[in-house]
There are 2 protein chains.
Amino acid sequence: MGNKEQTFQKIIEVAYVMFAEKGFDKTSLAMIAAEVGISKPAIYYYFQSKDQLIAYLFEELYKEIQRDIAVDYKELSPTNFKGELLELGYKSIDAQGKDPYFNKIFNQYVLLAARDESYMKQLVELETSFLTSFVEILQYGVRLRVLEDNPNMEAKAQMLALLYDNIGNFMLTGNQLNYKAIWKEAVDSVIQGGKDEKEK
Amino acid sequence: MGNKEQTFQKIIEVAYVMFAEKGFDKTSLAMIAAEVGISKPAIYYYFQSKDQLIAYLFEELYKEIQRDIAVDYKELSPTNFKGELLELGYKSIDAQGKDPYFNKIFNQYVLLAARDESYMKQLVELETSFLTSFVEILQYGVRLRVLEDNPNMEAKAQMLALLYDNIGNFMLTGNQLNYKAIWKEAVDSVIQGGKDEKEK
DNA sequence: GTCTATACCGTGATAGAC
DNA sequence: GTCTATCACGGTATAGAC
């Protein structure tokens with residue numbers, strides 16, 4: 001890893017943290033440069049503009065999210081289906097504490113998307129595959145006979161997806177709710193008296 | 001209404017729209033002043049700073065939301081309980097088309113709150129009363145005997161609240177889902193086979 | 001009391017030296 | 001690959017016109 005690569009990495013690491021903490025607009029390139037230990041125009045050697053730096057970070061997030069959305073169906077079985085679905089939410093709730101920056105940054109991109117078609121397009125793409133994966137999980141549950149087939153299955157899946165998503169948003173505000181209980185309610189409502197009632 | 005009041009009103013109206021469309025930071029006071037038809041420093045006669053103008057608009061939203069959250073229990077009866085709960089969500093979904101600015105502005109305050117204690121405090125307050133009102137509605141449902149009492153009632157109510165809230169966020173991205181079907185699924189899951197199955 | 005003119009400093013961005 | 005110098009524009013403050 002050369003000097004160039006090092007500086008590049010340091011810029012994006014510093015930018016990621018500062019953007020999350022202070023927001024895109026309240027973080028100046030001068031502040032980033034100072035923290036990295038270079039001068040402001042030096043950043044322009046690596047990025048054509050501040051917007052491009054912001055866009056680069058989004059691309060990184062985009063790829064990371066796409067990886068995280070992927071569900072391994074092979075691990076699902078009639079006996080563990082409900083437990084795995086519960087675990088999916090619990091993991092996300094626990095993860096919130098580990099990278100507090102993620103949600104703060106991501107919400108800013110949602111706002112940008114409202115005014116920028118390119119962000120909007122990618123965000124809708126993410127949301128679509130996010131929603132789709134929940135639909136697919138439930139459909140897989142039908143195949144495993146854990147769930148009865150149901151014309152409203154898509155709406156149920158989307159309900160889970162929207163709830164899953166907003167738990168992250170609410171945690172951002174520091175609102176101390178029993179999020180795991182809420183998630184369990186939702187999963188229970190979709191898998192009413194599932195066949196694997198081992199819990200409690 | 002005097003001249004002063006007129007200018008004041010026009011500033012906040014113009015600011016509300018521009019802030020929603022372009023965002024707080026990308027909307028300069030010069031742009032607002034130009035649209036209102038006054039000079040940039042004239043805004044300082046009415047507001048001490050740009051931040052104060054932003055804060056003023058938040059106060060207005062804050063009051064408006066508090067009004068909207070209020071539910072009229074008197075109108076709830078065993079026969080219309082489920083229908084009214086459904087209607088609550090449908091109304092919000094329909095309203096989204098009427099004031100597209102609201103959510104765009106509100107999301108910006110959520111971001112500000114992450115870095116400003118005063119916004120955070122008020123936002124948590126709003127969320128709390130928002131969550132509480134859903135809990136109260138369900139508790140009222142128990143009293144009406146539409147719902148069976150249940151130790152998880154609070155989690156159910158919060159599930160509804162989080163879903164209700166995120167439907168608005170998703171609509172913002174232009175994602176075309178059948179939001180009313182999603183809301184109906186959630187209400188159905190809380191009021192399983194309620195006593196007023198007149199629908200369809 | 002209501003606003004304009006003007007000046008100040010910080011910001012994103014560019015050109016050119018080293 | 002990085003810096004100095006410079007620019008236009010942003011929010012802000014104040015003096016003063018009417």
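Order of the sequence lines sets the chain letters (A, B, ...), proteins ahead of strands, with each chain counted from 1.
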Under 4.0 Å, heavy atoms only, any strand: does B:Y44 hit a base, just the sugar-phosphate, or nothing? base
When you get a sec, tell me which of [options] is the closest nucleotide to the side chain of [X]?
{"X": "B:Y45", "options": "C:dA15, C:dT2, D:dT2", "value": "C:dT2"}
{"X": "B:P41", "options": "C:dT6, D:dT4, C:dG12", "value": "C:dT6"}
{"X": "A:I38", "options": "D:dT12, C:dG12, D:dC3", "value": "D:dC3"}

Aromatic plane relationship, [Y] with [X] - under 30° parallel, 30 to 60° tilted, over 60° perpendicular:
{"X": "A:F130", "Y": "A:Y164", "value": "tilted"}
{"X": "B:F19", "Y": "B:F24", "value": "perpendicular"}
{"X": "A:Y73", "Y": "A:Y140", "value": "tilted"}

For A:A42 against A:I38, the heavy-atom pair lying closest together: CB-CD1, 3.8 Å
Would you check if the distance from the ring center of B:F8 to the ring center of B:Y56 is below 6.0 Å? yes
Take the protein atom [atom1] of [X] and the nucleotide atom [atom2] of [N], then report the distance between them rounded to whole Å.
{"X": "B:K40", "N": "C:dT2", "atom1": "NZ", "atom2": "P", "answer": "22 Å"}
{"X": "A:D25", "N": "C:dG10", "atom1": "CG", "atom2": "P", "answer": "18 Å"}
{"X": "B:M31", "N": "D:dG11", "atom1": "CE", "atom2": "C1'", "answer": "14 Å"}
{"X": "B:I43", "N": "D:dA13", "atom1": "CD1", "atom2": "P", "answer": "14 Å"}
{"X": "B:K26", "N": "D:dG11", "atom1": "NZ", "atom2": "P", "answer": "12 Å"}
{"X": "B:Q48", "N": "D:dT14", "atom1": "CD", "atom2": "P", "answer": "11 Å"}
{"X": "B:L29", "N": "C:dT4", "atom1": "CG", "atom2": "P", "answer": "14 Å"}
{"X": "B:Q52", "N": "D:dG11", "atom1": "CD", "atom2": "C1'", "answer": "14 Å"}

Looking at C:dT11, I'd like to know if its phosphate oxygens (OP1 or OP2) sit under 4.0 Å from a side-chain N or O belonging to A:S28. yes
Within the pair B:S49 and D:dG11, is there a side-chain N or O less than 4.0 Å away from OP1 or OP2? no
